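In this chain, numbering begins with 1 at the start of the sequence shown. Quantities reported herein were computed from a predicted structural model and do not represent experimental measurements. Indexing begins at 1, ligand by ligand and atom by atom, following the structure's order. Keep in mind that the numbers below use all heavy atoms, side chains included, and drop hydrogens, waters and symmetry copies.
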Amino acid sequence: MIIALNNKSNLEKIEFESYIKGLESISTEETIILCPTYLNIGAANSSLKIGSQNVSINENGAYTGEISATQLKSYNVQYAIVGHSERREYQRETNEEINLKIKQLLKNDITPILCIGESLKERESNQVKEVLKEELSIAIKDIKEEDKKKIIVAYEPIWSIGTGIIPTNEQIEEVFAEIKKIVPESKILYGGSANEENIDQLKQIGAIDGYLLGGLSLKLEKLKIFLQKLH
Ligand code: 13P
């Protein structure tokens, strides 16, 4: 399974040094993808697979504060999260920008981990399918079929992120079936409050190819239990 660890905006220099040692000492057969902050990518120097949490829509040039896909590549970054709901909300990131980011990544052989997910309001007003379809179809617009299948999709319902609440298995299965209609060959992850307790429930879902973990990525003892319980 793919286990992507989204550190979000956490772990300072010294904390990260001991964190990465602890993470590397966990023995597992899963594909672990560590997505630290940009600064910690520079400090990672690790045998682990590394992902970024974002990428610029542009190539190298006069774009102050941005990090390009070619720069990520030069730091051996193999994956990049794009379209996380926190960036959609706080940075006002649009589906069109996410599409440009995915194109930059694919051009540089970096695997995009595309996050999509509905808000509670959208779920309560029965708009889940429309919202996800729009997010997904604009994100992959004008991308060649052979490239589409390289994209990993992460379904992260916004109301589940950091809340301790997860959808029912039926709700997840329903969404995964919709995603498969658009990108049948893509791997699909679940993200949102996944932890060492609710994994017993989540692992009943056969369609899940892995998990995108936020809070749990920072708690290595609990992460270890999560990994042990996966199968
Ligand atoms: P939590 O696991 O903390 O809910 O975060 C999920 C997430 O946003 C991962 O990208």
Pairs of nitrogen or oxygen atoms closer than 3.5 Å, one from [X] and one from ligand 1: do any exist?
{"X": "Gly214", "answer": "yes"}
{"X": "Glu156", "answer": "yes"}
{"X": "Gly215", "answer": "yes"}
{"X": "Thr163", "answer": "no"}

Between Ser74 and Gln71, is there a side-chain donor-acceptor contact under 3.5 Å, judged purely by atom types and distance? no
Can you sort out which atoms of ligand 1 are near [X], meaning under 4.0 Å from one of its heavy atoms?
{"X": "Leu212", "answer": "9 (C), 10 (O)"}
{"X": "Gly192", "answer": "4 (O), 6 (C)"}
{"X": "Ser193", "answer": "1 (P), 2 (O), 4 (O)"}

Exercise. With a 4.0 Å cut-off on heavy atoms, is Leu216 touching ligand 1?
Worked result: no
message: Within the structure, is a non-hydrogen atom of Gly191 found at a distance of less than 4.0 Å from ligand 1?
response: no
Looking only at heavy atoms, the pair that brings Leu23 and Leu220 closest together is N-CD1, 3.5 Å
From the list Ile182, Ile140, Ile102, side chain to side chain contact (heavy atoms under 4.5 Å, CB included) partner of Lys148 resolves to Ile140
TODO: Would you indicate whether Tyr75, at its atom OH, is surrounded by more than 12 heavy atoms from other residues, nucleotides or ligands within a distance under 6.0 Å?
DONE: no
The salt bridge (Lys or Arg N to Asp or Glu O under 4.0 Å) partners of Glu17 (sequence neighbours excluded) come to Lys13
Quick look: Asn6 vs ligand 1, heavy-atom contacts under 4.0 Å, and the answer is side chain
Residue set satisfying side chain to side chain donor-acceptor pair (under 3.5 Å) with Ser125, at least two apart, ordered chain then number -> Gln127
shortest atom 5 (O) of ligand 1-to-protein heavy-atom contact is with Lys8 NZ, 3.3 Å
Worksheet item: Run the side-chain contact (heavy atoms from CB on, under 4.5 Å) check on Ile152 and Leu114 step by step: do they pass?
Response: CA-CA 6 Å; Ile152 298 172; Leu114 166 64; over 6 Å; no
Out of Ser217, Gly162, Ala4, Gly117, the nearest non-hydrogen contact to atom 4 (O) of ligand 1 is supplied by Gly162
* Does the pair Glu29 and His231 meet the rule for a side chain to side chain donor-acceptor pair (under 3.5 Å), with working shown? -> CA-CA 11 Å; Glu29 290 182 0; His231 297 288; over 6 Å; no
